[in-house]
Amino acid sequence: MDFVTPEYYKIFLPIVVILVLFVGRQKRDLQILVMLAMSYIFFWLASGWHVILLLTSTIVDWTAGKKIHSSSDRKHRKRWLIGSLTINLGLLAIFKYLDFLIETWNLASLRFDGAPELDTFGLLLPVGISFYTFQTMSYTIDIYREKHTPYDKFTDFACYAAFFPQLVAGPIVRSQHFLEQIKDPVSSSPYKFRLGLTLIIYGLAKKLIIADNVAIHVNEIFTEGSNLENIALIWWGSLCFGIQIYCDFSAYTDIALGSAYLIGIELPENFKTPYAARSPQDFWRRWHISLSTWLRDYLYIPLGGSRGGTRVLVISLMGTMLLGGLWHGASWNFVLWGFMHGVLLLCHRVITSSSAIKKSFELAPKISIFAGWMITQYFIFMTWLVFRVEDTTMMLRSLKTFVGIDAYWDYSEFFESLPDVKLMTMGLVLIFVIAHGVSGKLGGFKIWLSKQHSLVWGAICGMIISATFLLRPAETVEFIYFRF
Amino acid sequence: MNITDEDSINFSEVIMSVFIAAFLGMLLSHNFTFSLTDSNLRDSSLMIQSRPLITVEAINTIASDESISIVGTGSSMTFKGLDGKCVAQHMTHESIVYNIAQLSSYPWNDMIHIPRLVNAQPEIVLIEVGPNLLIDLYSENAIENAKFRYKIDTSQQDSSDIGGWIDLIHPELEDFVATNDFHRMELRQEYVTQSIEENLRRIIFNESNARQDWAYGWTPHPESEDWIDYLQTPTFPADRYGFEGMDNSERIDYNETKMDNSASYNPKINSYGYSVIEYEISALVENDISVILIGLPHHPSSIDFVPQGKWDSVNQTMSNFAQIEGVTVFNQIWEPGWIDDHFYDRNHLDDEGRIEFCNRLAPVIDEVLSGRD
């Protein structure tokens with residue numbers, strides 16, 4: 001089950017809303033139990049027996065949190081922290097990275113005589129493991145740092161770790177944020193309920209109309225046998241993938257936030273019009289915010305951050321971005337993607353510190369801002385090629401074409417290479433670009449809509465529902481971040 | 001109209017707004033789904049042929065026709081073999097003979113139109129029976145074709161079309177048979193994006209995938225003056241005479257491999273096709289509609305290669321159903337007189353073959369009609 005499965009809306013979500021808001025009304029503990037049980041059912045339907053891993057992670061961090069908090073012995077506390085991190089990262093390493101390491105070893109072993117070739121385990125990646133592992137780890141680390149105290153009840157903590165809207169693909173929620181929401185019996189207000197519905201409708205439209213339609217173009221372009229020397233084709237492919245991944249992932253977040261709002265729980269925002277970013281730093285303040293802030297708080301700052309001189313800055317920034325890239329998946333593509341973003345961030349720091357650049361911003365602020373936006377987005381969309389194109393030869397070819405090396409521009413060949421439905425998809429891309437630009441300037445459409453009169457809300461949402469139904473392609477594409 | 005204060009929204013307003021959104025969403029979706037796809041499906045811009053779309057409207061036309069109606073159903077063999085106008089001209093009874101057979105059609109495709117056909121009350125329905133139809137739903141191609149036909153056909157139907165056939169739908173294909181309005185809309189929605197694309201191409205580039213009116217595969221609009229003519233004598237493929245242009249040794253090689261081994265030439269008495277034809281016959285005769293089982297001829301050189309006894313079940317089927325009152329058998333499979341010039345390929349008639357078939361069929365229909373008088 002996921003957020004595009006009809007059963008989620010027909011059966012699962014209504015049951016949760018009824019049980020939490022009506023059956024469990026004003027009975028906090030019952031509400032927590034219901035949310036916990038439904039979250040485990042959701043996870044079991046999405047990932048089967050891997051539910052055991054979630055339970056293990058939950059028990060380990062619950063125990064570690066209690067032990068760390070109850071002990072004043074620094075060594076004892078550290079031992080529990082290391083134990084918790086080892087188990088969490090160990091599970092992540094085994095289920096997400098072990099086969100990748102074996103494959104890398106086997107590839108490397110071809111260069112050495114007599115090096116043994118190892119069999120992979122063929123392990124299936126548990127859905128959402130990267131998300132809930134980071135979430136529970138942050139809980140234990142925060143207790144170790146004495147920033148927070150542990151949860152009083154195991155069921156509260158288990159509910160935090162497994163809360164179904166954000167379990168599979170985030171946002172990564174901090175423990176105190178969640179605890180604040182469940183201190184008292186949860187209840188929704190008419191406004192929250194409507195905001196929840198708005199977010200769900202909006203998310204489904206983004207996913208099914210835009211992400212899934214442009215995905216058809218992306219898949220057609222980055223397939224074996226495609227002519228990747230045509231600049232128009234590669235630029236279009238990277239633009240489409242950038243739009244696909246944003247609409248796919250932000251749609252998941254919208255639906256997650258909407259589902260939680262229906263039962264009165266507020267989850268943090270994960271995106272703020274990232275393609276309006278004017279610098280790489282700005283991009284990371286707008287893209288997958290819950291991950292970037294997690295990486296900042298638990299990796300970048302502990303590694304030294306920007307407070308320890310140039311060397312420390314380079315090490316902590318590159319280390320954070322490389323691990324952030326690897327977090328996305330067991331592939332060198334993601335490591336390279338993270339590396340490229342690290343380089344972009346470092347370059348940005350160097351460039352913005354130059355007096356000439358500072359002066360240009362003073363002399364022609366609008367032009368400088370526009371140039372900053374153009375350059376940033378050019379490189380952001382270039383990095384999407386590394387993220388999307390798995391085959392190394394194809395990826396290198398695409399990158400060369402993207403920057404115009406050994407490449408040509410042929411519009412008619414580009415047009416012929418696209419799938420049958422091309423004009424409509426181009427129209428959707430244009431609509432997205434305009435809407436994204438307007439949203440970057442004004443923002444708050446979903447909140448605005450949620451506050452409108454019933455007729456206005458009903459008419460606009462009715463039209464969005466209808467457009468979603470009409471314009472979705474025949475095949476629904478799985479959420480990209482399910483793989484992570 | 002704007003509500004700026006969050007607290008001023010109450011739950012009854014939320015319920016009302018949800019109701020408005022759901023109602024408007026359904027209304028717009030339903031109207032746009034059918035209005036966007038109908039004309040483009042009809043003019044073949046979304047499919048190679050638009051003929052699969054005609055059946056429901058053809059039966060509606062038959063229902064409104066006050067003369068004696070004879071309806072031919074079946075596969076491409078009937079489609080290419082039955083010239084309705086020719087048959088009508090050779091008959092003594094004044095009547096209209098319709099050919100609503102479809103390319104690649106099987107009995108399980110045709111059966112879903114039986115309730116509508118019963119309501120249309122034609123005098124006679126011709127049901128094709130042949131070695132290619134008394135089979136099970138076995139191949140990927142047949143399954144894909146059945147899905148396609150079910151989607152196209154059931155998306156045009158309404159609740160009055162649901163009949164005994166629903167129990168005969170293959171379990172693997174149930175999802176492609178719409179039995180309610182929402183499902184009908186869902187099945188048709190698959191063509192919306194292609195339709196929008198086609199319309200954009202017409203507007204921006206002045207280009208279209210639609211077929212010209214002379215082309216094989218083209219179908220006229222039900223409101224056009226060509227419609228009734230087309231339902232009797234559809235646009236047939238251009239004549240090519242003989243056996244797909246093969247020389248003698250190629251024919252022998254073809255017959256040796258295909259006629260003996262082909263899975264579609266293994267008719268069985270207990271097949272899915274047989275059960276479906278049984279349903280069709282009983283539903284029609286119970287409603288006082290006569291049935292003529294037609295066996296279309298095969299190329300004489302192919303018939304010689306059918307192993308002894310391999311098509312016995314076809315004969316057995318014909319004789320089983322002939323016992324039912326109201327059923328007549330017109331089996332040309334083994335009849336002499338069919339020659340090379342009658343055929344388009346191994347099992348489809350061409351211009352001369354259609355005339356020969358028409359000459360032989362007309363008196364049989366006359367006889368059945370006389371029997372009804």
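To find a chain, count down the sequence lines: A is the first, B the second, and so on, and within it residues start at 1. The figures here come from the full heavy-atom set of this structure, side chains too, leaving out hydrogens, waters and symmetry mates.
When the shell of 6.0 Å around CZ of Arg28(A) is examined, it contains more than 12 heavy atoms from other residues, nucleotides or ligands. Within a 6.0 Å radius of CZ in Phe23(B), no more than 12 heavy atoms belonging to other residues, nucleotides or ligands are found. Enclosure of atom CH2 in Trp227(B) by more than 12 non-hydrogen atoms of other residues, nucleotides or ligands within 6.0 angstrom is indicated. In this structure, Glu223(B) places its CD atom where only 12 or fewer heavy-atom neighbours from other residues, nucleotides or ligands lie under 6.0 Å away. Residue Lys272(A) places its NZ atom among 12 or fewer non-hydrogen atoms of other residues, nucleotides or ligands, all under 6.0 Å distant. Within a 6.0 Å sphere centred on CG of Asn119(B), other residues, nucleotides and ligands contribute more than 12 heavy atoms. The environment of CZ in Phe445(A) is crowded: more than 12 heavy-atom neighbours from other residues, nucleotides or ligands sit within 6.0 Å.
Counting heavy-atom pairs under 4.5 Å between each of Arg188(B), Met185(B), His30(B), Met16(B) and chain A puts Met185(B) at the top.
Interface residue Ser450(A): only backbone heavy atoms are found under 4.5 Å from chain B. Neither the backbone nor the side chain of Tyr191(B) comes within contact range of chain A; no heavy atoms are under 4.5 Å apart. If you measure heavy-atom distances from Lys422(A) to chain B, the contacts under 4.5 Å come from both the backbone and the side chain. Heavy atoms closer than 4.5 Å to chain A are found in both the backbone and the side chain of Leu28(B). Interface remark: Glu198(B) contributes no atoms to any contact with chain A (heavy atom separation under 4.5 Å).
Once rounded to the nearest 0.5 Å, the distance linking NE2 of His453(A) with OG of Ser17(B) reads 9.5 Å. Rounded to the nearest 0.5 Å, atoms CG (Asn10(B)) and OG (Ser454(A)) are 8.0 Å apart. Considering CZ of Phe32(B) and CG of Leu471(A), their distance stands at 10.5 Å, rounded to 0.5 Å. Rounding to the nearest 0.5 Å places CZ of Arg201(B) at 8.0 Å from CG of Leu423(A).
Relative orientation of the Phe11(B) and Phe193(A) rings is perpendicular, given thresholds of 30° and 60° on the angle between their planes.
Of all heavy-atom pairs spanning Met424(A) and Glu197(B), the tightest one is N-OE1, 2.9 Å. Contact detail for Leu470(A) and Thr193(B): the closest heavy-atom pair is O-CG2, 4.2 Å.
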Quiz prompt | Test log, rule side chain to side chain contact (heavy atoms under 4.5 Å, CB included), inputs Val421(A) and Ile196(B) | solution = CA-CA 9 Å; Val421(A) 178; Ile196(B) 293 172; over 6 Å; no

Quiz item: Should Met26(B) and Phe469(A) be marked as a side chain to side chain contact (heavy atoms under 4.5 Å, CB included) after you check the CA-CA gap, both sets of side-chain angles, and the distance that decides it?
Solution: CA-CA 9 Å; Met26(B) 283 294 284; Phe469(A) 175 81; over 6 Å; no

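A donor-acceptor pair under 3.5 Å is formed between the side chain of Gln189(B) and the backbone N or O of Arg472(A). The backbone N or O of Ser29(B) lies less than 3.5 Å from a partner atom in the side chain of Ser466(A), making a donor-acceptor pair.
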